[in-house]
There are 2 protein chains.
Amino acid sequence: MLYNTFRTELRNVSRNVFYIVATIKDIAKTLNISVSTVSYALNGGPRTVPQHVKDKVLTTAKELGYRPNRNARSLITRRTNTIGVVPPQLGTNIAMSPFIRDSLNGIVNESESSHYDVLLFTRCDQSQTEEMLNDVLDGRVDGLIFLAPPIGSSSVNLVYDFGLPTVVTCSNGYAAPCYSSDNRHGVQIAMDHLVSLGHRKIGHLEGRPTLEDSVSRKTYFLEYVQENGLICKDDWIICGNFDPEGGYLAGKHIFESQDRPTAIFCGNDEMAFGLIRAAREYGIKIPEELSIIGFDDSSLCNFTYPLLTSVRQPIEELASFAFRSIIEMIEGHSPSSSSVFPTELIIRESTSNPTKDNYASIQ
Amino acid sequence: MLYNTFRTELRNVSRNVFYIVATIKDIAKTLNISVSTVSYALNGGPRTVPQHVKDKVLTTAKELGYRPNRNARSLITRRTNTIGVVPPQLGTNIAMSPFIRDSLNGIVNESESSHYDVLLFTRCDQSQTEEMLNDVLDGRVDGLIFLAPPIGSSSVNLVYDFGLPTVVTCSNGYAAPCYSSDNRHGVQIAMDHLVSLGHRKIGHLEGRPTLEDSVSRKTYFLEYVQENGLICKDDWIICGNFDPEGGYLAGKHIFESQDRPTAIFCGNDEMAFGLIRAAREYGIKIPEELSIIGFDDSSLCNFTYPLLTSVRQPIEELASFAFRSIIEMIEGHSPSSSSVFPTELIIRESTSNPTKDNYASIQ
DNA sequence: CTGAAAGCGCTTACAG
DNA sequence: CTGAAAGCGCTTACAG
């Protein structure tokens with residue numbers, strides 16, 4: 001009956017939205033006590049409330065179908081208990097990228113055991129700085145994780161300067177702490193592996209030129225080639241944009257040529273997958289006629305044919321770490337400083353000695 | 001200078017949070033006009049504001065580093081421009097599931113071209129109904145998408161009854177509109193395919209028993225077996241929980257037995273992947289000694305060895321559709337009613353005639 | 001045409 | 001110990 005009294009008090013709170021919402025005021029009125037008492041009872045503090053009052057409040061809250069309004073609360077406390085995530089600008093199908101998926105998985109796993117939900121800023125065009133800033137700084141999140149933002153993105157520093165707790169993965173050079181992988185070491189172990197197998201003619205599929213991971217892997221690759229007197233023709237360095245299609249097209253380009261490398265170091269696994277597909281189309285045997293090595297050690301490496309040798313970087317841990325770090329910042333502790341995570345070579349089936357002369361394999 | 005005046009007016013808005021925030025009040029004070037005029041100028045309506053005033057407001061807003069506070073706005077408008085997504089209860093690593101990834105991709109793609117961001121409710125324990133309801137009904141989202149909620153989840157109906165726009169994927173029987181795949185047809189084409197290849201002894205890997213997709217696929221499978229006089233021993237129906245590990249264990253169980261089916265219909269691809277791995281360990285050739293068929297047609301099907309025959313269901317489109325539908329509901333239109341999406345058989349390499357007697361293949 | 005004021009649903013000093 | 005009141009930053013009727 002009590003219930004019905006309030007249920008029928010239908011409020012048109014906004015055009016098209018007919019909620020029936022009880023507020024703490026309703027509870028207070030019902031019980032003839034003050035809203036402050038209701039608030040303290042509901043929150044379990046900081047002021048103490050006698051148990052019998054607390055019980056009444058809780059019962060009435062339930063009867064009225066009361067749900068706390070977090071917008072009102074956040075307006076005062078400046079806390080939303082939600083963490084914002086800004087993915088890199090990958091155009092469409094971003095959730096299909098293993099990098100995003102692994103990062104998201106790390107974040108989601110971490111958030112499950114925290115008190116925070118995850119707000120995905122999917123519409124962030126980082127070239128539209130002002131719009132983006134209004135979006136991420138509008139009070140919906142307590143902190144922000146930038147996943148591999150483009151090199152020199154002005155948004156990151158602006159957000160950081162605004163005062164919103166901010167962390168970054170896979171992109172150094174910002175004021176905010178950054179958690180990234182040891183690309184230098186990753187490239188080194190990949191190349192050491194190829195060289196130890198006897199390769200000297202090595203190509204490279206480059207990722208998105210706007211991303212630091214891509215640039216540094218390419219840079220370290222070129223350094224390695226030079227320092228070790230290897231052969232890498234300009235034609236053997238192709239931008240595949242970190243996606244399978246790019247790897248596929250790069251592969252076609254390389255396989256059309258008479259002069260091919262015996263091994264290709266790919267800036268990530270996805271391009272390697274595309275490359276494998278192209279190789280199959282051209283009847284090029286892997287690893288006999290071409291060794292391929294990827295980067296990320298994404299789970300798909302265990303399923304491709306042949307299984308893909310890859311440099312493992314702990315994307316998921318990076319993201320988990322970023323999440324824990326942003327929470328620390330929010331809770332007022334000093335954040336974990338920038339750090340570099342180790343990479344590791346996972347040898348599978350796509351690399352071997354260059355058993356055939358690649359010239360001979362052209363039909 | 002003006003800028004600095006306000007920047008130095010540091011406000012301690014909450015313990016540990018030292019933002020420097022300008023409000024519309026600051027703009028109004030600076031320009032000696034009313035907050036209403038500022039508000040209308042900033043929002044471009046509904047009241048008209050002379051262009052020169054508008055310009056001054058915008059300039060001052062910029063100078064003061066003003067950012068609109070969406071919590072305050074939402075408190076009044078009851079709009080947050082964010083859509084909530086509740087994933088199924090899959091325990092840990094939910095983002096690694098192809099189903100979640102594809103769903104998320106559909107949602108994210110759709111949201112990019114909308115005015116809505118995506119709030120991921122990662123902490124939703126659907127058995128803790130009250131906590132979960134407080135979480136999703138706290139005013140942070142304008143609508144909610146339940147991705148494949150467990151059968152009979154009370155939360156879904158409670159949210160719907162509360163009045164929050166709600167849609168569901170892959171789980172019928174709720175008051176909210178549901179968009180799901182045609183499991184009956186999917187099972188039928190999978191089984192027709194196997195039977196046409198000559199299989200009569202067919203097993204089934206069952207998914208999560210709490211999910212409708214799992215239950216209905218199993219049900220339709222059993223119906224088909226019965227109606228067509230096929231052979232399926234109880235031992236050939238194993239629950240693999242929709243995950244690769246489950247498929248792997250199920251495979252081991254089946255391969256240990258003397259009496260094996262010649263084909264296995266898997267409730268999803270992930271279990272099929274695990275099954276393939278188990279088969280490899282037992283030296284069982286696919287498809288020669290065992291045909292395997294999956295469900296989902298996830299992208300991995302194109303990479304496994306052998307490539308996996310699978311029933312395609314449009315997970316991504318389902319999620320996109322759900323997103324567009326929830327927007328319609330929010331904007332006051334009547335939502336798209338529940339609908340069933342078509343399934344399609346994608347034949348690859350993992351199915352063939354049962355060329356060997358499977359008894360003989362046991363060592 | 002524009003300003004003063006009420007109010008969204010809360011939290012939390014401030015009085016009694 | 002508890003209530004009345006101020007205020008978070010906005011939007012939007014209501015007056016002039």
Side-chain angles (χ1 to χ4, degrees), chain A residues 6 9 11-15 17-29 31-54 56-57 61 64-81 134 137-140, chain B residues 6 9 11-15 17-29 31-54 56-57 61 64-81 134 137-140:
Chain A
F6 279 92
E9 201 184 285
R11 302 174 202 178
N12 178 2
V13 288
S14 167
R15 133 200 82 158
V17 185
F18 289 85
Y19 279 14
I20 303 157
V21 271
T23 69
I24 57 168
K25 224 163 144 184
D26 296 323
I27 300 174
K29 216 188 302 173
L31 294 175
N32 245 315
I33 58 177
S34 73
V35 291
S36 35
T37 303
V38 173
S39 174
Y40 292 123
L42 249 23
N43 294 330
R47 187 199 275 180
T48 60
V49 176
Q51 191 60 48
H52 71 279
V53 177
K54 210 180 272 184
K56 280 199 300 182
V57 169
L64 300 182
Y66 169 77
R67 301 283 167 200
N69 181 317
R70 176 124 45 170
N71 291 319
R73 188 175 222 269
S74 295
L75 191 54
I76 301 170
T77 61
R78 309 276 153 169
R79 286 290 163 79
T80 59
N81 287 298
N134 275 346
L137 297 178
D138 67 4
R140 275 133 101 211
Chain B
F6 278 91
E9 202 185 285
R11 303 175 202 177
N12 178 3
V13 289
S14 166
R15 135 201 79 157
V17 185
F18 289 85
Y19 279 15
I20 302 158
V21 270
T23 70
I24 56 168
K25 224 164 144 184
D26 295 323
I27 300 175
K29 216 188 303 174
L31 294 174
N32 246 316
I33 56 178
S34 74
V35 292
S36 35
T37 303
V38 174
S39 174
Y40 292 123
L42 250 22
N43 292 331
R47 185 200 276 182
T48 60
V49 176
Q51 191 58 48
H52 71 280
V53 176
K54 211 180 271 183
K56 280 199 301 182
V57 169
L64 300 182
Y66 170 77
R67 302 285 166 200
N69 182 317
R70 177 121 49 168
N71 290 320
R73 188 174 221 269
S74 295
L75 190 54
I76 301 170
T77 61
R78 308 277 154 170
R79 286 290 162 79
T80 59
N81 286 297
N134 276 344
L137 298 177
D138 66 3
R140 274 132 101 211

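Here the structure is a predicted model, which is why all the values come from computation and not from measurement. Just so we're on the same page: letters track the sequence lines, and every chain starts at 1.
Not counting sequence neighbours, A/N81 has no partner by the side chain to side chain donor-acceptor pair (under 3.5 Å) test. With sequence neighbours excluded, the residues satisfying side chain to side chain contact (heavy atoms under 4.5 Å, CB included) with B/K56 are B/L31. The side chain to side chain contact (heavy atoms under 4.5 Å, CB included) check on A/R73 picks up A/N43, A/T77, with sequence neighbours excluded. With sequence neighbours left out, the side chain to side chain donor-acceptor pair (under 3.5 Å) criterion links B/S34 to B/S36, B/T37. Applying the side chain to side chain donor-acceptor pair (under 3.5 Å) criterion to B/S74, with sequence neighbours excluded, gives no partner residue.
You'll find the side chain of A/N134 reaches within 4.5 Å of the side chain of B/R67, heavy atoms only. The closest side-chain heavy-atom distance from B/I27 to B/Y66 is below 4.5 Å.
Distance, B/N81 CG to D/dC10 C1': 15 Å, rounded to whole Å. At whole-Å resolution of the value, CD1 in B/I33 and P in C/dC1 are 16 Å apart. Rounded to a whole Å, the CZ atom of B/R73 is 16 Å from the C1' atom of C/dG7. In this structure, CD1 of B/I27 is placed 11 Å from P of D/dT11, rounded to the nearest angstrom. Distance A/R140 CZ to D/dG9 P: 18 Å, rounded to the nearest Å. A/L42 places its CG atom 16 Å from the C1' atom of D/dT2, with the value rounded to the nearest Å. A/K29 places its NZ atom 13 Å from the P atom of C/dC10, with the value rounded to the nearest Å. Rounded to an integer number of Å, the gap from CD1 of B/I24 to C1' of C/dA5 is 13 Å.
Between the side chain of B/S36 and the base of C/dA4 there is at least one donor-acceptor pair of N/O atoms closer than 3.5 Å.
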Anything under 3.5 Å between a protein N or O and an N or O of nucleotides 14-16 of chain D, put it in a table, one pair a line.
| residue | atom | partner | partner atom | Å |
| --- | --- | --- | --- | --- |
| D/dC14 | N4 | B/R47 | NH2 | 3.4 |

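Helical stems of DNA chain C (runs of at least 3 Watson-Crick or G-U pairs, donor-acceptor distances under 3.5 Å) are listed by first residue: C:1-3 with D:14-16, C:5-12 with D:5-12, C:14-16 with D:1-3.
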Checklist line | Chi angles and distances behind the side-chain contact (heavy atoms from CB on, under 4.5 Å) call for B/N71, A/D138 | finding: CA-CA 8 Å; B/N71 290 320; A/D138 67 4; over 6 Å; no
Item checked: Worked check of side-chain contact (heavy atoms from CB on, under 4.5 Å) between B/N69 and B/T23 -> CA-CA 8 Å; B/N69 182 317; B/T23 70; over 6 Å; no
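No engagement by A/N71 is indicated, since no non-hydrogen atom pair under 4.0 Å with the nucleic acid exists.
Mapping B/A72 and B/P46 onto DNA chain D by nearest heavy atom places B/A72 at the nucleotide closer to the 5' end. Residues B/V53 and B/V35 each lie close to DNA chain C; by heavy-atom proximity, the contact nearer the 5' end of the strand is made by B/V53.
Phosphate proximity of D/dT2 to A/S34: absent, as no side-chain N or O sits under 4.0 Å from OP1 or OP2. An OP1 or OP2 oxygen of D/dC8 is reached within less than 4.0 angstrom by no side-chain nitrogen or oxygen of B/N69. OP1 or OP2 of C/dG9 lies within a sub-4.0 Å distance of a side-chain N or O belonging to B/R78. Listed pair A/S74 / D/dC8 fails the phosphate criterion, with no side-chain N or O lying under 4.0 Å from OP1 or OP2.
Closest approach of B/T80 to B/R140, counting heavy atoms only: OG1-O, 3.0 Å.
Among the nucleotides D/dG3, C/dT11, D/dC8, the one closest to the side chain of A/L75 is D/dC8. Distances from the side chain of B/T37 to the nucleotides C/dG3, C/dG9, C/dA5 place C/dG3 closest.
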